[in-house]
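Take a look at the structure set out below.
Proteins come first, then strands; the chains are lettered A, B, ... in the order of their sequence lines, and each starts at number 1. Every heavy atom of this structure was used, including side-chain atoms; hydrogens, water molecules and symmetry mates were not.
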Amino acid sequence: MIYNGGIKDWGKSGFAIETIESLPDIEYSVFTTVELHKMLQDHDIRACRDKDSNPLLTILDFRTANHLNPAAFPLQIKTTCPSEKFMLDDILLAETRDSIPRLHQTITITETGNRDEFIIRYLSKYGFTNITSLKYGMRGWLKQRYPTH
Amino acid sequence: MKILLILLSLLSFSEAFALERFDIITTEKLKEKLERRNSGDEQFLLINTLDKLIANYHSIPGSINIPWSQVTESQNLLGKDKNIPIITYCMGYR
């Protein structure tokens, strides 16, 4: 059987929700696909590098489909900016968190943008402050027919 | 063209059939079933299929967490009784 109301309907009905590990309530930035597209166009002119050769933006790609079937890799945002792929639960590991850039801007990409909030709130516990999310995730990017490869 | 249309209609039929194989349960019915399970009158597994990080943040009491991408590796969490009813949920429709 499927309970398709899920957490949302359960909570709306006033029933108890269990929390094992709380997440900080924080404010974070959300880019629209139009804003990200414009930013990447600007960054790509400079090969997405600052004067010290550091990336101007790193994409943190949390789409599960990246890991399920290597023979059928999902479409990626076409840019010169670096992209790192993770499973969402990878960030529970210190070594994964250590591999995420802290000093320059990063943006989370998920399938629909629904999971970004949890990623950003969790990472904020470990001092990450430069993470933005993409509204509607990769679905939004594809809907606009922006460049992919 | 005709063959393509036939293939497409077969594919869409298969997908619809696959979805219809599963019953949908309402919030009220799930609440009732959990109460019955708590009083020992019913047995079933309630599975939160969200990522562990998200399930740790919010889960329906009495669930176990098996992220949908890790079903194969987590089969041991389902126990040995393969006939026990299973109810899955995630964040909810949007």
Side-chain angles (χ1 to χ4, degrees), chain A residues 1-26 62-70 74 85-93 96-97 108 110-126 135-137 139-140, chain B residues 15-16 18-38 42-74 77-78 83-94:
Chain A
M1 271 186 243
I2 298 171
Y3 173 45
N4 68 348
I7 289 288
K8 277 180 73 178
D9 274 6
W10 190 258
K12 267 187 204 168
S13 300
F15 298 139
I17 289 178
E18 193 172 52
T19 299
I20 296 169
E21 184 174 2
S22 62
L23 297 174
D25 284 320
I26 58 157
F62 285 95
R63 289 177 296 157
T64 307
N66 282 321
H67 306 270
L68 292 182
N69 183 3
K85 296 179 178 59
F86 306 98
M87 289 288 280
L88 191 145
D89 284 337
D90 288 349
I91 60 173
L92 294 168
L93 305 171
T96 303
R97 294 192 299 269
T108 54
T110 59
E111 291 81 358
T112 58
N114 287 330
R115 299 186 300 155
D116 302 46
E117 171 196 343
F118 302 100
I119 296 164
I120 294 172
R121 289 173 67 187
Y122 183 81
L123 288 174
S124 76
K125 289 169 78 162
Y126 295 92
K135 196 173 185 181
Y136 305 128
R139 184 183 289 178
Chain B
E15 192 179 340
L19 287 172
E20 284 168 8
R21 284 171 55 200
F22 300 101
D23 291 330
I24 303 295
I25 186 170
T26 63
T27 303
E28 294 71 27
K29 189 74 182 167
L30 177 59
K31 174 79 170 146
E32 190 185 307
K33 284 174 85 64
L34 280 168
E35 284 167 357
R36 284 177 57 78
R37 190 177 76 170
N38 289 342
E42 189 169 346
Q43 276 200 323
F44 65 91
L45 292 175
L46 181 61
I47 301 178
N48 182 339
T49 63
L50 292 163
D51 301 282
K52 185 180 175 188
L53 186 155
I54 302 175
N56 280 350
Y57 177 59
H58 52 200
S59 207
I60 297 173
S63 312
I64 58 172
N65 174 224
I66 300 181
W68 70 266
S69 57
Q70 292 168 34
V71 171
T72 309
E73 303 90 311
S74 308
L77 296 175
L78 299 176
N83 294 314
I84 192 166
I86 293 174
I87 302 174
T88 62
Y89 70 93
C90 59
M91 195 71 78
Y93 57 85
R94 297 197 175 240

Region of B:Pro61 in contact with chain A, defined by heavy-atom distances below 4.5 Å: both
Could you report the tightest heavy-atom contact between B:Lys52 and B:Asn65, atom names first, then the distance? CA-OD1, 3.3 Å
Side-chain (B:Arg37) to main-chain (B:Phe44) donor-acceptor, under 3.5 angstrom: yes
Ignoring hydrogens and angles, tell me if any N or O in the side chain of A:Arg115 forms a donor-acceptor pair with the backbone of A:Thr110 under 3.5 Å. no
Part of B:Leu50 lying under 4.5 Å from any heavy atom of chain A: side chain
Against chain A, label B:Ile86 side chain, backbone, both or neither, depending on which of its atoms sit under 4.5 Å from a heavy atom there. backbone
Contact part of A:Leu68 toward chain B, heavy-atom cut-off under 4.5 Å: side chain, backbone, both or neither? side chain
dist B:Asn48:CG -> B:Met91:CE (nearest 0.5 Å) comes out at 9.0 Å
Heavy-atom pair count under 4.5 Å with chain B, highest-scoring of A:Thr64, A:Ile119, A:Asp9: A:Asp9
Determine the sole option in A:Glu18, A:Arg121, A:Glu21 for which the side-chain hydrogen bond (donor to acceptor under 3.5 Å, both in side chains) test with B:Tyr57 is passed. A:Arg121
Identify which part of A:Leu23 has an atom lying under 4.5 Å from any heavy atom of chain B, answering side chain, backbone, both or neither. both
Residue among A:Leu88, A:Ile7, A:Ile20 with most heavy-atom pairs under 4.5 Å to chain B: A:Ile7
With distance as the sole criterion, is a donor-acceptor pair present between the side chains of B:Ser59 and B:Tyr89 under 3.5 Å? yes
Pick one of side chain, backbone, both or neither for B:Leu45, based on which atoms fall under 4.5 Å of a heavy atom in chain A. neither
Report yes if the distance between the aromatic ring centroids of A:Phe62 and A:His67 is under 6.0 Å, otherwise no. no
Whether A:Arg63 side chain and A:Glu111 backbone form a donor-acceptor pair below 3.5 Å: no
Quick check on B:Thr26 against chain A: is it the side chain, the backbone, both or neither that has a heavy atom closer than 4.5 Å? backbone
Under a 4.5 Å cutoff for heavy-atom pairs, which residue among B:Ile87, B:Thr88, B:Ile47 has the most contacts with chain A? B:Thr88
So, the part of B:Lys31 with a heavy atom under 4.5 Å from chain A: the answer is both
